[in-house]
Protein chains: 2
Amino acid sequence: MVRLRDVAARAGVSLSVASRALTKDAAARISDETRARVEQAAAELNYVPDHRARALRLSRSGAIALVVPEVNNALFAAVHAGVHAVCTPRQISVLLGQIDPSDLGQGAALSSLIGNGRVDGVVLQRSEQFSDDDVSEVIDVDVPVILFNSSLPTHIGSVALDDRAAVQVAVEHLTSLGHRDVAYIGGPARHDAAFRRRAAFDQLAATGGLRTLPEWDVPGGWDAPAGHAAMTALLQASTRPTAVLVANINAAVGVLAAAAAQGVTVPRDLSVIAVHDTWIGAYTCPALTTVLLPMEEAGVRAATMLLDHLEGGALEDVVVAAPAPALVLRDSTAPPR
Amino acid sequence: MVRLRDVAARAGVSLSVASRALTKDAAARISDETRARVEQAAAELNYVPDHRARALRLSRSGAIALVVPEVNNALFAAVHAGVHAVCTPRQISVLLGQIDPSDLGQGAALSSLIGNGRVDGVVLQRSEQFSDDDVSEVIDVDVPVILFNSSLPTHIGSVALDDRAAVQVAVEHLTSLGHRDVAYIGGPARHDAAFRRRAAFDQLAATGGLRTLPEWDVPGGWDAPAGHAAMTALLQASTRPTAVLVANINAAVGVLAAAAAQGVTVPRDLSVIAVHDTWIGAYTCPALTTVLLPMEEAGVRAATMLLDHLEGGALEDVVVAAPAPALVLRDSTAPPR
DNA sequence: TGAGCATGCACAATCGGTTGCGCACCGATG
DNA sequence: CATCGGTGCGCAACCGATTGTGCATGCTCA
């Protein structure tokens, strides 16, 4: 490994001059000629500063952690893409973290993963399985944490999606098709994005004159098995809705499977629309009508805020409203019979 | 932040004794009483060693990189799970990397991401878009690289799946159902796992007396759009096969969609079986019959080999044969009409 | 009683960069 | 001619941990 010392020797200068020249320290008084000589020496030797040494000296590791409940999720990919896009040009690495619920309780769940200066900050997507207290425990580290699509009392620094707008797009699509009997299959009870969507639906249903029966109120979830179970339960209702709004596309995949299993033809017998859009939406049968949320942009916002904060910027709670949630019209919705 | 110095002071010993006591250096001559005192002090102060300093001193960063072509893939999740399972108990962090083809050529694609001692090693899943030369360029770093499910001439250190066995399971399932006219939709031409599967199919088809028409030989790929395109092309054939073996489940999702779009009913008109199994297989319509490969175990093997190698172990090229590829019987295969 | 040895601990170098400060040299000014 | 300010650069102290080596002390044995 070629060290700064080698560069300095080749350029015929001291370590300090070499360092200042290479870090482009404008305040340093170094002649242009010397600067050039150092840079050339560095180039010739193909010098790359040692991250470890720099990290130690600067108390900066040059990496952030992206912690998500499950990697196995197309939505995660979009968030990661956004974070990645911000970090790469800034020469920041992204550490991937996953917190298993089983890790909780023994204190320092995140801490063992990212503690001790391994990363400079964290973007944390809250798992549905974690309570407020769990999250509080997890984020008890000495680096800034941005909560992604999840909030926490007293915590500042979060990026959320415009859940209400997303639900509104879906509801308006259904009502414009003529639906009045709309069931809602939400996310996990504890998750606050799920809560926001639920609240938005309830309110929009009320003001929009939708009919929502108590028996349509079935427990939901974010994944396909949860959607399957919810739909199976929903189809037991004595009166069936003409449309179902599913809070998550992965759950909607399960919803479609359950409908097919029960002999319900979508969209003839039932319209299905889901929040979030991933590649799978185009390949279900029928292809899913969805609401596309700006996940990648949200990832960009989260990473940007975090990195800027490390440079002295302020933390805030933002809602990513642009681009606005957009209807992706496919084949799972139609006017009621 | 509490430093080793603080622990030493509290325990009333020097830095060196504190260090040796906490690292449980058996060779060091330290009285049991002193050891206990140091450990208690560390516990009271809630001391955690600084990763940066330790990394500098030991020339070890305590992290490895997991580089994959695309995070947006359920298969990746399984690999990650395996790697994660190995690394977590060893207190190793996993850095997530993604190499865009656009990064190539400017030298140091990986190097900027993981170079300079940021990680101690790399598990690299080769992208289909990279040539041998591209990969060679990418892995030109000064840390060990384990190639995952991809090989490279002259490179030692890889973990591959038993592609032949997987294809064999699929072929035997189809033949046992009575199929003779079987088309194969493979992966990208350059990818060597794709090559192995293709070769296995060709050989098994020949020995098994399968009929394979040249017009069934359509370009494939790993993802749903590729599968969709391949199936659409295949259905143009003057003679149609009675079954299709798809080299990847994601592609098979596209295959099913294309079949449905063309009015082909699976499995009545056509059986479809895919290599790899993910959650989506249970939710397509019809649910996909697949061959489950030990992806997580492969991730475990890769990470284990890498970490052991850092301790002096040897690198080798292994094929993960156990658990053996297993048929996951669902609804997309049936006897030919 | 003194040599010899094991024990228990501390000193100081080291990893590779960054940075506050001081030193030497220059031309300019009074 | 002495002083002053600016310029260009190097010395050395860090960051926090690990580790080779050396120095006491206390014991045993001749």
Side-chain angles (χ1 to χ4, degrees), chain A residues 1-39 41-42 45-63 91 115-120 142-143, chain B residues 1-39 41-42 45-63 91 115-120 142-143 310-311:
Chain A
M1 171 187 290
V2 36
R3 289 149 304 178
L4 183 58
R5 166 191 312 171
D6 305 320
V7 176
R10 186 184 190 92
V13 296
S14 69
L15 270 176
S16 45
V17 169
S19 173
R20 284 186 246 254
L22 290 180
T23 53
K24 311 215 183 300
D25 183 347
R29 301 177 308 230
I30 302 179
S31 69
D32 289 347
E33 187 213 349
T34 305
R35 292 193 122 95
R37 218 171 49 234
V38 172
E39 284 182 10
L45 293 175
N46 198 19
Y47 168 75
V48 229
D50 187 303
H51 266 112
R52 296 174 289 230
R54 179 174 271 176
L56 175 59
R57 180 61 226 240
L58 299 181
S59 298
R60 272 295 178 77
S61 66
Q91 300 268 70
N116 334 325
R118 185 161 292 198
V119 297
D120 301 327
D142 49 3
V143 293
Chain B
M1 171 188 288
V2 34
R3 289 149 304 175
L4 183 57
R5 167 191 311 172
D6 305 321
V7 176
R10 187 184 189 90
V13 296
S14 70
L15 270 176
S16 45
V17 169
S19 173
R20 284 185 245 255
L22 290 180
T23 54
K24 310 214 183 299
D25 183 347
R29 300 177 311 230
I30 302 179
S31 69
D32 289 347
E33 188 213 349
T34 305
R35 290 194 123 94
R37 218 169 51 233
V38 171
E39 284 181 10
L45 293 175
N46 198 19
Y47 167 75
V48 230
D50 186 305
H51 266 111
R52 296 173 291 230
R54 177 174 271 177
L56 175 59
R57 179 63 225 246
L58 300 182
S59 300
R60 271 296 179 76
S61 66
Q91 300 269 66
N116 333 326
R118 186 164 293 207
V119 298
D120 301 328
D142 50 3
V143 293
L310 293 177
E311 309 296 333

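Atom set for the values below is all heavy atoms of this structure, side chains included, hydrogens, waters and symmetry mates excluded. Note on naming: letters A, B, ... go to the chains in the order of the sequence lines (proteins, then strands), and numbering restarts at 1 for each one.
- Side chains of R29(B) and R20(B) form no contact here, defined as non-hydrogen atoms less than 4.5 Å apart.
- Comparing R52(B) and I30(A) by the nucleotide of DNA chain D that holds the closest heavy atom to each, the one mapping nearer the 5' end is I30(A).
- Rounded to whole Å, atom P of dG20(D) lies 16 Å from atom CG of L15(B).
- Distance alone, capped at 3.5 Å, places no donor-acceptor pair between the R37(A) side chain and the V13(A) backbone.
- Atom P of nucleotide dC15(C) and atom CG of L56(A) are separated by 14 Å, given to the nearest angstrom.
- With hydrogens and angles disregarded, a donor-acceptor distance shorter than 3.5 Å links the side chain of R118(A) to the backbone of G62(B).
- For T34(A) and dC9(D), a side-chain-to-base donor-acceptor distance below 3.5 Å is absent, hydrogens and geometry of angles not being considered.
- Side-chain nitrogen and oxygen atoms of S31(A) include at least one within less than 4.0 Å of the OP1 or OP2 phosphate oxygen of dC9(D).
- Among the heavy atoms of the strands lying under 4.0 Å from R20(A) is at least one base atom, whether or not backbone atoms are also near.
- Per the geometry, CZ belonging to R5(B) stands 6 Å off P belonging to dC15(D), to the nearest Å.
- Nearest-nucleotide positions on DNA chain C place E33(B) closer to the 5' end than the other of V17(A) and E33(B).
- Between D32(A) and R35(A) no salt bridge is recorded (no basic side-chain N to carboxylate O distance below 4.0 Å).
- To the nearest angstrom, P of dC14(D) lies 12 Å from CZ of R3(B).
- Protein atom CZ of R29(A) is 12 Å distant from nucleotide atom P of dG20(C), rounded to whole Å.
- Here dT18(C) presents its P atom at 12 Å from NZ of K24(A), a figure rounded to the nearest Å.
- Atom CZ in R37(A) sits roughly 7 Å away from atom P in dC9(D) (whole-Å rounding).
- In this structure, of dT18(C), dA17(D), dG10(D), it is dG10(D) that holds the atom nearest to the side chain of S14(A).
- The base of dG10(D) sits within donor-acceptor range of the side chain of S16(A), with an N or O pair under 3.5 Å.
- The 5' end of DNA chain C is approached more closely, in terms of each residue's nearest nucleotide, by V13(B) than by the other of S59(B) and V13(B).
- Between Y47(B) and dG16(D) there is no side-chain polar atom (N or O) within less than 4.0 angstrom of OP1 or OP2.
- Using a 4.0 Å heavy-atom criterion, one finds that R57(A) contacts the bases of the nucleic acid, with or without backbone contacts as well.
- As a whole-Å value, the separation of L4(B) CG from dT14(C) P is 20 Å.
- When atom types are taken as modelled, the side chain of T23(A) and the backbone of S19(A) share a donor-acceptor pair closer than 3.5 angstrom.
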